[in-house]
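Values below: every heavy atom of this structure, side chains too, minus hydrogens, waters and symmetry copies. Along the sequence shown, residues carry numbers from 1. These numbers were taken from a predicted model, which means no experiment stands behind them. Counting starts at 1 for both ligands and their atoms, following the listed order.
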Amino acid sequence: MPIDPTLEYDDQNIFAKILRGEIPCSKVFEDQWALAFHDINPQAPAHVLVIPKGAYVSWDDFSAKGGDAEIAGFVRAVGHVSRELGLVEPGYRLLANIGMDSHQEVPHLHVHIFGGKPLGPMLMR
Ligand code: 5GP
């Protein structure tokens, strides 16, 4: 079920539990601002999720309420992980689903990194 991104942050969401270490993840990268881990249901040979450590529901929430340092730290983490995965030269896709129309399922901001094969044009159906 898609989530309503206008609701208050729910600290029982699955990524909050991963951040607290209550649920395991296959970690790719971590620093003070962000955690990156492999998606449990990969849609491409490389499919990594990058999440900020702060409690933000969506990109909208983060960009409105996040501090400059944590926003910079998160954006740098996405770039760092993409480089570390070796995706710059072949190319890759970033995706952040926000809210109902995009079918966001986890109410903690996450950026998907997809790569490892030609991804084709982005299709809207
Ligand atoms: P969304 O549709 O919200 O943009 O994407 C949520 C993503 O989180 C999905 O790609 C889904 O496979 C992934 N996911 C959901 N639960 C877990 C989990 O417990 N562990 C990991 N690693 N990924 C998860």
Quick note, salt bridge (Lys or Arg N to Asp or Glu O under 4.0 Å) partners involving residues 24-44, not counting sequence neighbours, are K27-E30, E30-K53
Q. With the 4.5 Å side-chain cut-off for hydrophobic clustering, are V81 and V111 part of the same group?
A. yes
From the list I51, V48, V50, side-chain contact (heavy atoms from CB on, under 4.5 Å) with H110 holds only for I51
Should the pair [X] and [Y] be assigned to parallel (<30°), tilted (30 to 60°) or perpendicular (>60°) ring geometry?
| X | Y | answer |
| --- | --- | --- |
| W59 | F62 | perpendicular |
| F37 | F15 | perpendicular |
| Y9 | H108 | perpendicular |

For ligand 1, protein residues within the heavy-atom limit of under 4.0 Å are I14, F15, I18, F37, H38, D39, I40, N41, L49, N97, H103, Q104, E105, V106, H110, H112
